[in-house]
Colleague: 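The following block contains the structure, expressed as structure tokens.
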Amino acid sequence: MPAFRKILIANRGEIAVRVASSCRAMGIPSVAVFSDVDRDALHVRACDEAVRIGPAEAVRSYLDIDAVVAAARRTGADAIHPGYGFLSQNADFADAVAAAGLAFIGPPGEVHRSMGDKQGARRLMAKAGVPVVPGYDGDDQSDATLAAQAQAIGWPVLIKPSRGGGGKGMRAVERAGDFASALAACRREAQAAFGAEAMVLERLLSRPRHVEAQVLADAHGGLIHLLERECSIQRRHQKVVEETPSPALTPSRRQALCEAGVAAARAACYVNAGTVEFLLDTSGRFYFLEMNTRLQVEHPVTEAVTGLDLVRLQILIAAGRPLPLGQADAIGRGHALECRLYAEDPANDDLPSPGRILHLSPPQGPGVRFDSGVAAGSEVTVHYDPLLAKVVTWGRDREESIGRMAAALQGTALLGVATNLGRLQAILAEPAFRRGELHTGFVEEHLAELSPSPCPPPEAVAAAVAALHVARQPAPGHSAAVPDPWQSLGSWRIGRGPGGASP
Ligand code: MV4
């Protein structure tokens, strides 16, 4: 019997396409939801049916709990997969889905709630024996107590708002004299952003690595880890390159970190797929950072080395099935990398770069996977995350995986919007990257060497697109595999853009 009758995917872009593919492989019909600007989006075509849930603004569509639950009810779906981002870690959403008599493909609301607060999460982990960064997570939040605790921790200290995710509102303080004003600024910001001002203090680790453990728990007490991922290559808290295994871990450290991930998940009463984030300091010690109560963007590298389908496992767990594998079956083979392709302009401070995708040639080759939320003709808007696609490579070892990634990036062509493709190639070529010398300041530190070559002018892009499409004319009797370039260009014509503007 199939796990569910029908699954609604409460997301868009590459992850909605990814979830739809596992639904299809399991013989479960899928329902897409879409906003007005996503009517023709790839994820809508990837699903068996689709429901409009609102206008472009995410708060009135992909973040609208009532609209999403109503769409599930209307289409007869009996489960909802939230993907990542949007409502995926929203406790009220998980509760609303359950209250509607539907299965939420993720942990229950209570788990999201308890892990959505750094203070509570730190206390729970410390109690469970999971190492946390030396710091303070007490209830006494008076200025005097926090200042005294900071002094006891030792400088530099990092002030973290208990409710802030993804580095929001954090402040590093180098010396005692700067603490009071930094604390006041943090409180004002946290009050405005989250309506709460509890702070956690931690020793500021210098050039740490970000290593996370993938965990998997069923509803019957079964709980395993699926090894780790290293995600140190990021910029402004946006991950760019991820890999597994981490080049920084010895086998015994790896086992300790992954077992700490399992202990963290057990303490949180975790169910479904989750990620326990750690910081790894320069001496190899690791500390709990936070727990992500969802499927992660970078899950494909784990799939590449374990041979598992994480979305399928999530669905089976949500249907009440026991884990179909034990810890001894979770073996990593070889090495996998993921590069995130973003519609952002490295020549313009990485700002989002909306527009129409005129041409997309995906990478090919052995050990290459391409998870894309867009195709030629797709419109990239400013309304959502600028992630376009992920290039994933597998190799017998890190060197082979890097070689395949470098080749895959070289074999990727995406025209019409500015992307970080050149930056990804530069990171892969960086000697420190090749040596595995990664840390969370890597991109900023090497930014000068990672600077992009300038974008070609629009006329050159259009000419290249036309040339590519001419070169791909089908043999007589075969239908064209790609859309007509003049159609994909919309109203743009050489020397006469719409309203005189370039495309
Ligand atoms: C830290 C840290 C150094 N020391 N905590 C950033 C996001 C938030 N989840 C936690 N973050 C950090 N916490 C201590 N005690 C450095 C960071 C950090 C970081 C962490 C993971 C990935 C990328 C990062 C980039 C900058 C800072």
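Atoms within each ligand, like the ligands themselves, are counted from 1 in listed order.
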Colleague: Less than 3.5 Å between some nitrogen or oxygen of Leu205 and one of ligand 1, yes or no?
Modeller: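 Yes - when backbone and side-chain N and O of Leu205 are compared with those of ligand 1, one distance drops under 3.5 Å.
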Colleague: Can you find an N/O atom of Lys160 closer than 3.5 Å to an N/O atom of ligand 1?
Modeller: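 Yes; at least one N/O pair falls below 3.5 Å.
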Colleague: Among all protein heavy atoms, pick the one closest to atom 21 (C) of ligand 1 and tell me residue, atom and distance.
Modeller: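 I find the closest protein heavy atom is His210 ND1, 3.3 Å.
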Colleague: Judged by modelled atom types alone, do Glu277 and Gln296 share a side-chain donor-acceptor pair under 3.5 Å?
Modeller: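 Judged by distance alone, the side chains do not pair up.
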Colleague: For ligand 1, which atoms sit closer than 4.0 Å to a heavy atom of Arg203?
Modeller: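 Checking each atom against Arg203, I get 4 (N), 14 (C), 15 (N).
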Colleague: Inspect the contact between Asp139 and Arg123 and indicate whether a charged nitrogen and a carboxylate oxygen are less than 4.0 angstrom apart.
Modeller: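 Yes.
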Colleague: Starting from atom 20 (C) of ligand 1, what is the nearest protein heavy atom, named by residue and atom, and what distance separates them?
Modeller: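 For atom 20 (C) of ligand 1, the nearest protein heavy atom is Leu279 CD2, 3.8 Å.
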Colleague: Show the atoms of ligand 1 that are less than 4.0 angstrom away from any heavy atom in Gly167.
Modeller: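 Checking each atom against Gly167, I get 7 (C), 8 (C).
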Colleague: Which of the atoms in ligand 1, numbered in the order shown and given with their element, are less than 4.0 Å from a heavy-atom of Leu204?
Modeller: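 Matching atoms, with element in brackets: 3 (C), 4 (N).
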Colleague: Quick check: does His237 get an N/O under 3.5 Å from an N/O on ligand 1?
Modeller: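 No, since none of the N or O atoms of His237 sits under 3.5 Å from an N or O of ligand 1.
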Colleague: For Arg423, is there any backbone N or O sitting under 3.5 Å from a side-chain donor or acceptor partner on Asn420?
Modeller: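 It does not hold such a pair.
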Colleague: Would you say Ser21's side chain and Val17's backbone share a donor-acceptor pair under 3.5 angstrom?
Modeller: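 Here the side-chain-to-backbone pair does not exist.
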Colleague: Salt-bridged, Lys239 to Glu212, with N to O below 4.0 Å?
Modeller: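 Yes.
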Colleague: Is Thr293 reaching over with its side chain to a backbone N or O of His112, donor-acceptor style, under 3.5 angstrom?
Modeller: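 The answer is no, because no donor-acceptor pair under 3.5 Å joins these two groups.
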Colleague: Could you tell me the residue and atom name of the protein heavy atom closest to atom 19 (C) of ligand 1, and the distance to it rounded to 0.1 Å?
Modeller: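 Result: Thr440 CG2, 4.1 Å.
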Colleague: What residue and atom, counting heavy atoms only, is the protein's closest point to atom 25 (C) of ligand 1, and at what distance?
Modeller: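 Atom 25 (C) of ligand 1 sits closest to the protein heavy atom Gln234 NE2, 3.3 Å.
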Colleague: Any salt bridge linking Arg340 with Asp385? Criterion: basic side-chain nitrogen under 4.0 Å from a carboxylate oxygen.
Modeller: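 Here Arg340 does not pair with Asp385 in a salt bridge, since their nearest N and O are not under 4.0 Å apart.
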Colleague: Can you tell whether the side chains of Glu303 and Arg369 come within less than 4.0 Å, N to carboxylate O?
Modeller: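 A salt bridge links Glu303 with Arg369.
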Colleague: Give a yes or no on this: more than 12 heavy atoms of other residues, nucleotides or ligands lie within 6.0 Å of atom CD of Glu57.
Modeller: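 Result for CD/Glu57: enclosed.
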Colleague: Under 3.5 Å between some N or O of ligand 1 and some N or O of Glu290?
Modeller: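 Yes - when backbone and side-chain N and O of Glu290 are compared with those of ligand 1, one distance drops under 3.5 Å.
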Colleague: Mark the output for Met170 as yes if a heavy-atom distance to ligand 1 is under 4.0 Å, and as no if none is.
Modeller: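 A heavy atom of Met170 does come that close to ligand 1.
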Colleague: As an exercise, identify every atom of ligand 1 less than 4.0 angstrom from a heavy atom of Val133.
Modeller: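 Close to Val133: 15 (N).
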